[in-house]
There are 2 protein chains.
Amino acid sequence: MELSSRKKKILAAVVEEYIRTAEPVGSKAIAATGDLKCSSATIRNELAELVSLGYLEQPHTSAGRVPTPLGYRMYVSELMERQELSPEETAAIDRGLGERLQETGQLMNDAGRLASQMTNYPALTLAARPAATISRFDLIYIDANTFIIVVMLSNDTVQNKLVHLPVSVDQSMIQKLGTLFNAHFTGVSEEEITPTVIHAAERAAEDNLGLTAVIAAFAIEVLSTAQEAQAYLVGESQLLHQPEFRDPDKAHRLMSYLSDGGHLLDLPLSDLGGENEIRVLIGPENVAEELKDSSVVIASYDAGDNMRGLIGVVGPTRMDYSKVAAKLSFIAAGLSRRLGGGSMPPPGLDNKLIIKGEDSNGQTEES
Amino acid sequence: MELSSRKKKILAAVVEEYIRTAEPVGSKAIAATGDLKCSSATIRNELAELVSLGYLEQPHTSAGRVPTPLGYRMYVSELMERQELSPEETAAIDRGLGERLQETGQLMNDAGRLASQMTNYPALTLAARPAATISRFDLIYIDANTFIIVVMLSNDTVQNKLVHLPVSVDQSMIQKLGTLFNAHFTGVSEEEITPTVIHAAERAAEDNLGLTAVIAAFAIEVLSTAQEAQAYLVGESQLLHQPEFRDPDKAHRLMSYLSDGGHLLDLPLSDLGGENEIRVLIGPENVAEELKDSSVVIASYDAGDNMRGLIGVVGPTRMDYSKVAAKLSFIAAGLSRRLGGGSMPPPGLDNKLIIKGEDSNGQTEES
DNA sequence: GTTGGCACTCTTGCCTTACGAGTGCTAATT
DNA sequence: AATTAGCACTCGTAAGGCAAGAGTGCCAAC
């Protein structure tokens, strides 16, 4: 059933006022905004209907109304006006991200910090990496007991390791191993480096010192960490600003859930969504029990090397979705521009964002 | 002035009881412990004296007594009994640290997490690195537009970078540059790589593509990050357990101070202290304003490669110093054993720890 | 020097009361 | 038929007052 235009206006007013004040909002307050040209009595009637439709609820009789998750969902999906960032804000973000190229992990962390600062909510960043293969080995002979393994991956990352040996090797052995590994262990994935294969290589190299095993182990390690998703969380303490987390126990529950980084990966990563698309998960739409009365807003960005990353914030369901979405979107676009390989839309386009959410039965709908 | 033995006993009892309950402790409660064989009236007299000596204070007339920072200092320096960890606890720590060798940053983070879990306070870990020089360059030619720079430092860390060029180079050029850098840029510190030197090298290599500058820039970057202290903080939310942080504003102030990692470096790093030595900074002994009514307990460990690391926890002044010191000491010893180069004392010795603190005028004294 | 006793203080919890915001309903109005 | 004004009612919150309890300081006795 489609809501009447007036109901929509009233619902939007309730949500916005509640977001602003964190207090249940009454009929009078809505009438006072002046957007509606009807009396508080009329609004009372409408409010009563919105309650019975499930969009609003009352903490107790004779209190004002508070949006339900369904109410927020409706607001976010259909009612909310897209916010434009002020020039100061966009400038602050651009400045915050900086221009220097940094190690991806560092940049993600900085971006998270920025997102947290700009929104006053805890922020999370996350980068999933696609499977990679090894494209090249280099073994650098240092001295009889030392050499360096340098491994380059198909996604252009390079890893190295310094190996100290308890025994002596000569340079020719290291060279031979290098050639061998380049011949047999490039283009393979982690699973293909089986003990059998390693053993075969060991014999081929006439290696009785276990060097082959060391190199192979490092190759496996590099491949596995290359695929590992990285997650960062920043600004947990921001939660304490929010009136809904004045109860330290409640705050602690959510914070310890969040800071146990592993859980971040429970997020719906599978469908990362496209550029300029913001996902909003409201209260019970979250799978994790601990997030059932919080909301998560996520933007996705192009992290280069065929990686997609996620940046988002967590807050109470009473969250300033509109502002947060605009800011995250801008930050994500900024990240894409800095990290991404492909051509990006110019910054001016960032505000035309698509907001995508999930309604309570898990389906995806679009505004 | 030396306190009478009975005063010492009473002071210790007050501190311990207060640590346990977080409630001001009265004369009756102390008499009830049975350690003293005198009545509550006598204890009252002694308490009054301890107050006038500055070791205790009363939140208000007719409330029990609470230790002052000076009282804690006395307790930690002279009164506190060294705690022995139970076999379960030592086993838990050993298990927590694991045996696998990991990247240092990762291990520090894990150790911090463990310290936080074991003590129920936020934990910080920190590794200061001594200045290093570059001991070796390797340039790996990939194709006409790509090569890898591998830099090995005097402290045995190795860093690399993949360079994509907008122009073509041939392999001999890369080789020439490698030889040149190994000849002129090894053994030098960050400051010695000046624009003048780079320019000279550029001419010597007949490099008109700016490759010399790229490599030199990377060398500088590696040197500077190698010296950078790393700091991690984990378990902020644990603060919320503590009654003294039930006030969200207070909790937030400290947490945001802590999570802004830079501040960790304000700690008295200069004198890292030796093995098996625990430093305790109580309330106003901390330099940072934000820590004036919190305490910090720090252990130091041998992080290998001539590095010393710090691991510590932050909590209210009403902290279980004895337990925390024992646990941190054991964790630090465990880290030293895993990371350290030198020979370590066997785990059994860990409990004989020395506690070192600073009294209020900043001098260092030893117990 | 130690102890029992006692009056005094001050916080804490609890109860009661008063207030006010907000509702729901009814009857009048457009 | 929708809107509005009016009004009684509900319920949470803040304020005041009261009693209880914990703890002290002091005095006199041991």
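The sequence lines fix the lettering, A, B, ..., with proteins before strands; numbering per chain opens at 1. Side chains are part of it too, since the values below use all heavy atoms of this structure and drop only hydrogens, waters and symmetry mates.
Going from atom CZ of A:Arg65 over to atom C1' of C:dA21 covers 13 Å, rounded to whole Å. Distance A:Leu36 CG to D:dT4 C1': 15 Å, rounded to the nearest Å. For the pair A:Glu57 CD and C:dT23 P, the interatomic distance rounds to 14 Å; values are reported in whole Å. Atoms CG (B:Leu56) and C1' (D:dG25) sit 16 Å apart, rounded to a whole Å. The nearest whole Å value for the distance from the CD1 atom in B:Ile10 to the C1' atom in C:dT2 is 12 Å.
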Can you check salt bridge (charged side-chain N to carboxylate O under 4.0 Å, His left out) on A:Asp293 and A:Lys250, steps first, answer last? CA-CA 11 Å; A:Asp293 54 321; A:Lys250 205 175 161 193; 3.5 Å; yes
Please evaluate residues A:Glu285 and A:Lys292 with respect to the criterion salt bridge (charged side-chain N to carboxylate O under 4.0 Å, His left out), reporting the C-alpha separation (whole Å), side-chain torsions for both, the decisive distance (0.1 Å), and the verdict. CA-CA 7 Å; A:Glu285 295 170 9; A:Lys292 288 288 187 209; over 6 Å; no
Under 3.5 Å, which protein N or O atoms sit close to an N or O of nucleotides 28-30 of chain C? Give each pair with its distance.
none

Atom pairs under 3.5 Å, N or O on each side, protein against nucleotides 13-20 of chain D: can you list them with distances?
none

Could you run down the sub-3.5 Å N/O contacts of the protein with nucleotides 13-17 of chain C?
none

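A donor-acceptor pair under 3.5 Å is absent between the side-chain atoms of A:Asn286 and the main chain of A:Ala288, judged by distance alone. Judged by distance alone, with hydrogens and angles left aside, the side-chain atoms of A:Glu17 form no donor-acceptor pair with the main-chain N or O of A:Val14 at under 3.5 Å. A:Arg82 places a side-chain N or O within 3.5 Å of a backbone atom of A:Met80 that can act as its donor or acceptor partner. With hydrogens and angles disregarded, no donor-acceptor distance shorter than 3.5 Å links the side chain of B:Lys7 to the backbone of B:Leu50. For the pair B:Lys8 (side chain) and B:Leu79 (backbone), a donor-acceptor distance under 3.5 Å is absent. Panel note: side chain A:Ser259, backbone A:Met255; a donor-acceptor pair is recorded below 3.5 Å.
For residues 59-70 of chain B, the set of pairs meeting the salt bridge (charged side-chain N to carboxylate O under 4.0 Å, His left out) definition, not counting sequence neighbours, is empty. The list of side chain to side chain donor-acceptor pair (under 3.5 Å) pairs with a residue in residues 23-37 of chain A, not counting sequence neighbours, reads A:Ser27-A:Arg44. For the ring-ring contact (aromatic ring centres under 6.0 Å, His included) condition, the pairs that include at least one residue of residues 234-254 of chain B, sequence neighbours left out, are A:His241-B:His252, A:His252-B:His241.
Judged as a salt bridge (charged side-chain N to carboxylate O under 4.0 Å, His left out), and not counting sequence neighbours, B:Glu290 has no contacts. Under the ring-ring contact (aromatic ring centres under 6.0 Å, His included) criterion, A:Tyr72 pairs with A:Tyr321, sequence neighbours left out. A search for salt bridge (charged side-chain N to carboxylate O under 4.0 Å, His left out) contacts involving A:Glu57 returns nothing, not counting sequence neighbours.
The minimum heavy-atom distance between B:Ser295 and B:Gly283, with the atom names listed, is OG-N, 3.5 Å. Pairing each heavy atom of B:Ala123 with each of B:Gly112, the nearest pair is CB-O, 3.2 Å.
At a cut-off of 3.5 angstrom, the base of C:dT3 holds no donor-acceptor pair with the side chain of B:Ser39. Between the base of D:dT10 and the side chain of A:Ser62 there is a donor-acceptor pair shorter than 3.5 Å.
Near-neighbour residues of DNA chain C inside residues 40-52 of chain B, defined by a heavy atom below 4.0 Å, number-ordered: B:Ala41, B:Thr42, B:Arg44, B:Asn45. Taking a 4.0 Å limit (strictly below) on heavy-atom distances, residues 23-31 of chain A reaches DNA chain C at A:Gly26, A:Ser27.
A donor atom on one side chain and an acceptor atom on the other are not found under 3.5 Å apart for A:Tyr257 and A:Glu289.
The side chain of A:Gln58 places no N or O atom within less than 4.0 Å of a non-bridging phosphate oxygen (OP1 or OP2) of C:dA21.
Computed from C1' positions of five pairs at each end, the angle between the two local axes of the helix from C:dG1-D:dC30 to C:dT30-D:dA1 equals 20°, rounded to 10 degrees.
B:Lys323 has its side chain out of reach of B:Thr119: every pair of non-hydrogen atoms, C-beta onward, lies at least 4.5 Å apart.
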